[in-house]
Each structure stands twice: as structure tokens, then as C-alpha cells.
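Just follow the structure's listing: the first ligand is 1, and inside any ligand the first atom is 1. Atom set for the values below is all heavy atoms of this structure, side chains included, hydrogens, waters and symmetry mates excluded.
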Amino acid sequence: MSQPVDCGPLAHSTIPYSTTPQTPKPPHAPQYSSPINAEPLHRYTTGGYHPITLGSLLHQGRYKILHKLGWGGYSTVWAARDEQEGKYVAIKICVAEDHSNRGHREMNVLKSLDDAQHIVRLLDHFDIQGPNGIHPCLVLEMLGPSVSDLVEGRFAVGRLPGSLARGVARQAMMGLDALHRREIAHGDFHIRNLAFTIPSVANIPEDEFINLLGKPDIGYVRCNDGGRLGPGIPEYIVRPANIHSRSRPLSNTIKIVDFGESFPQNDAPEMLHTPLVVRAPEVIIKDRLDYRVDLWSLGCMLFELFVGQPPFDSFLITPKILVEQMQEITNEALPDRWVPLLESMRGKDVTEDGGPGLQEWLEEMYFDGERKEDLSRDDIVELGRIIRKLLRFEPGARASVEEILDEPWFRA
Ligand SMILES: Nc1ncnc2c1ncn2[C@@H]1O[C@H](COP(=O)(O)OP(=O)(O)OP(=O)(O)O)[C@@H](O)[C@H]1O
């Protein structure tokens with residue numbers, strides 16, 4: 001009898017872009033609560049997040065924490081003033097797991113990409129020791145909202161105008177091409193990991209900078225049984241700054257962020273935590289991985305950038321159904337070596353109802369009659385042809401980023 005295949009973290013299959021904390025949520029009632037809903041409090045534990053307060057000084061007093069910019073499954077990210085250089089930066093304080101391999105991996109990759117265009121700049125790095133362990137800290141250039149935050153915050157139609165989408169796609173591909181030329185894979189390539197740059201805030205006074213981000217909104221943490229907070233628990237949770245509000249000027253430049261899943265070509269991991277909607281089929285099937293996982297994700301990203309939603313639906317789906325959806329949309333047979341692996345996966349079969357192919361699906365989604373359409377049918381046909389070159393099951397059959405960048409449609 002065939003063995004079921006462990007398909008990795010399925011917990012986030014219900015939410016398209018959720019992150020994957022490595023420590024499972026405790027089964028019992030939460031011990032702590034805060035009126036501000038941000039990073040999960042149960043992750044403030046040994047190996048988890050570092051508790052921090054506004055005004056803290058890090059790295060021998062060089063960086064002063066002023067606001068929170070965001071959080072992910074592996075870090076909290078803070079706006080800080082570099083007192084030495086008189087400028088504002090983002091500090092990504094990673095979790096302390098295994099002395100955070102992920103944080104160090106991200107740091108090493110960014111160090112090797114110092115001169116690459118469309119990649120977030122690493123300005124400095126250091127470790128801090130706290131009650132939950134030793135945390136790698138990455139000092140990054142401060143960026144603005146992600147592409148998806150911008151769409152949510154400023155484009156009621158749920159997608160970018162076609163010309164902006166084309167510019168974003170081109171820049172994302174230039175950044176990815178720079179990575180691939182250095183034989184590095186991103187491993188987590190999607191529109192949430194593309195962020196717009198912001199106009200320089202280098203020389204403004206601290207109170208003006210805080211005004212720009214909005215006064216921090218904090219919610220005190222309390223112990224649900226009325227007891228005292230443990231040593232690794234923060235005094236309060238800060239609501240991330242709303243940097244995508246309409247009033248703030250933005251540039252048209254984007255950069256790729258979040259290199260925590262990146263890997264060099266000669267040291268591929270066995271598993272990646274890319275969100276299920278953009279996860280390459282070889283990751284789901286558990287075949288060998290290499291940088292070409294990014295090419296599949298790029299195909300999904302292009303679809304989502306122009307259409308406003310990803311091509312595959314991962315809502316309450318099993319990996320097996322997702323691969324079957326991929327087969328339907330790409331209209332491709334699975335590589336022979338994957339067939340037994342797919343068969344052995346848990347999950348019920350879908351009925352053979354012959355759903356739409358990629359081109360049909362793209363047109364149906366783009367010309368849905370509800371959203372502004374500023375690209376022509378010819379544009380969408382071209383886009384479909386390009387995406388088709390990326391959404392190929394065999395990694396070796398996928399077009400390189402360079403080839404896609406060279407497409408006349410992207411050079412127009
Ligand atoms: N350089 C930056 N400038 C401004 N904000 C940033 C920057 N880097 C990260 N952020 C904010 O912090 C959030 C978390 O960052 P990031 O995705 O890198 O963390 P992570 O812990 O690796 O997350 P994930 O679980 O998504 O892998 C981002 O969604 C973004 O809102």
C-alpha cells in the first residue's frame with residue numbers, strides 16, 4: 001500500500017498568503033491577550049519573538065525604535081532612527097529558533113546582493129540577546145507598502161492599473177534575474193514580498209517622522225488568569241503603522257523583500273514554506289527543488305498582478321486537489337515520476353469536469369465585467385502566452401526570467 005505523503009504545513013492553505021510559524025499554536029486557551037491584533041502572543045516564548053518597547057536603544061545605542069512596520073511568521077519589523085547616520089531604517093528582529101538559521105540565511109543572501117537593483121538593501125546587522133534567546137537583527141532600508149497592501153488600500157477595483165502592473169512586473173523580474181544570475185533562489189516570491197520605495201525621510205526630525213507614520217497605537221498585554229507577565233512577554237503590542245494610506249506619496253519603484261526562504265543553488269532545502277497559492281508543484285509533490293521554483297511562482301505572480309487574484313484557489317483545499325487544479329489549468333500531464341507521489345497523497349479526488357484552460361481562465365477573470373479593464377484582449381492573449389511559458393510542471397521546461405524580460409510585450 002502506498003504511504004501518504006506529508007505535504008508540509010497545510011495550516012495556511014485556508015488563507016492564501018498566511019505565514020507559517022514554526023511553533024504550533026498551543027491547544028489550550030491563550031494565556032495572554034492584547035486589544036491589538038497583530039503578531040501572535042504565543043510566539044513570545046523561548047525561540048520566538050523578542051519583546052520590545054518603543055524608545056528601546058539597540059546595538060550599543062545606535063538604533064532607537066520608533067514604531068512598528070509589520071510582522072511575519074519569523075520576525076517583528078520596526079522603524080528606527082539610526083542615531084549615528086541621522087537616518088531612518090527598518091529593523092527586522094528575527095525569532096530566536098536555532099539561533100535563527102533563517103535570519104542568518106537572509107542576512108548572508110542580502111550581503112551577497114549588495115549592488116543588485118530592485119532588491120532591498122541590507123545596511124547593517126547584529127544579534128541581540130533577550131529572554132527568548134539570541135535574535136539576528138537585520139537593518140534594512142525602510143520601504144513602503146507591499147504591492148498587495150497598496151492594491152487593498154488604494155485601488156477599490158482590486159487590481160493595479162495595467163501600466164503600473166507592467167512596470168512592477170518588469171522590476172520584480174529584474175530583481176529576480178539578478179538573484180538567479182548569482183545562483184540564488186528566492187523561495188517565497190509573491191506580491192506580498194514586493195514593496196514600493198518611499199521618498200527619502202533622511203533629514204526630517206523624529207517627531208515629524210512619527211507624524212508621517214501616525215502616532216503608535218499600543219494595546220497592553222494582560223495575563224488572562226490575572227497573573228504577572230512572563231519575562232519573554234512584551235508589555236504591549238504595537239499596531240503596525242499604516243504606510244499605505246492615500247495621503248502618502250509613493251514612488252513607482254519596487255524592491256523584492258523577505259529572503260528568509262532563499263537558498264543557494266547548491267544547497268536547496270527539502271521543503272519551502274511558500275504560500276500554497278504560489279507554491280511550485282515540485283514543492284507540493286516533494287521532488288527535488290532548485291531555483292526554478294521561483295519561475296512557477298513568477299507565473300502565478302504575473303497572473304495576480306494583472307488580474308487581481310492568483311490563478312489557483314487554495315481556499316480549504318488539499319495539496320492533491322491543488323495539483324489537480326494545476327493540471328486542469330495548464331492542460332499538461334504530470335511528469336511520470338510524480339504520478340505515484342500524487343496518488344499517494346491524502347485528499348479526495350476531484351471530478352473530471354474539464355474546467356477552463358489557462359487562457360480561458362485568464363480572460364474570464366480579467367474581463368469579469370466588474371472591474372476596470374485597461375488592457376486589450378490582445379494584451380491578455382499575450383500575457384496568457386507568457387504565463388504559459390512559466391506554468392510548466394517540468395522545471396526544465398519553464399522559461400528563464402531573462403527570456404520573459406526579453407518578451408516584446410514587457411519591453412513595450
Ligand atoms: N524594509 C522594510 N521596510 C518597511 N517594512 C518592512 C520592511 N521589511 C519588512 N517590512 C514589514 O514587515 C512585515 C514582515 O516582514 P517579512 O515578510 O520580511 O517577515 P517574515 O517574518 O520573514 O515574514 P513571513 O512569515 O511572511 O516570511 C512585512 O510584511 C512588511 O509589512
Location of contacts on V77 toward ligand 1, heavy atoms closer than 4.0 Å = side chain

Element-labelled atoms of ligand 1 that are located less than 4.0 Å from some non-hydrogen atom of [X]:
| X | result |
| --- | --- |
| A90 | 1 (N), 2 (C), 3 (N) |
| E141 | 1 (N), 2 (C), 3 (N) |
| K92 | 16 (P), 18 (O), 19 (O), 20 (P), 22 (O) |
| S75 | 19 (O), 20 (P), 21 (O) |
| Y74 | 21 (O), 25 (O), 27 (O) |

Does the ring pair (Phe, Tyr, Trp, His ring centres under 6.0 Å) test come out yes or no for Y32 and Y44, once each step is laid out?
-> CA-CA 10 Å; Y32 298 104; Y44 280 100; 9.4 Å; no

Quick one: does E261 get within less than 4.0 Å of ligand 1, heavy atoms only?
-> no

Contact check, R102 vs ligand 1, heavy-atom distance below 4.0 Å = yes

Below 3.5 angstrom, do we get any N/O pair linking E106 and ligand 1?
-> no

Is the shortest N/O to N/O distance between G73 and ligand 1 below 3.5 Å?
-> yes

Of the listed options T274, L143, D258, L123, closest to atom 3 (N) of ligand 1 (non-hydrogen atoms) | L143

Main-chain N/O of L375 paired to Y366 side chain as donor or acceptor, under 3.5 Å | yes

Should the pair R279 and F312 be classed as cation-pi, given the thresholds of under 6.0 Å to the six-membered ring centre and 45° from the axis?
-> no

At what distance, to the nearest 0.5 angstrom, does CZ of R81 lie from CE of M142?
-> 13.0 Å

Kindly assign one of parallel, tilted or perpendicular to the pair F410 and F306, based on the angle between their ring planes and the thresholds 30° and 60°.
-> tilted

Classify the ring geometry between H59 and Y63 as parallel (under 30°), tilted (30 to 60°) or perpendicular (over 60°).
-> parallel

Apply salt bridge (Lys or Arg N to Asp or Glu O under 4.0 Å) to R392 and E332, showing your working.
-> CA-CA 8 Å; R392 301 293 305 273; E332 262 199 339; 2.4 Å; yes

CA sep, side-chain torsions, deciding dist, call: F196, V147, side-chain contact (heavy atoms from CB on, under 4.5 Å) | CA-CA 7 Å; F196 285 91; V147 169; 3.8 Å; yes

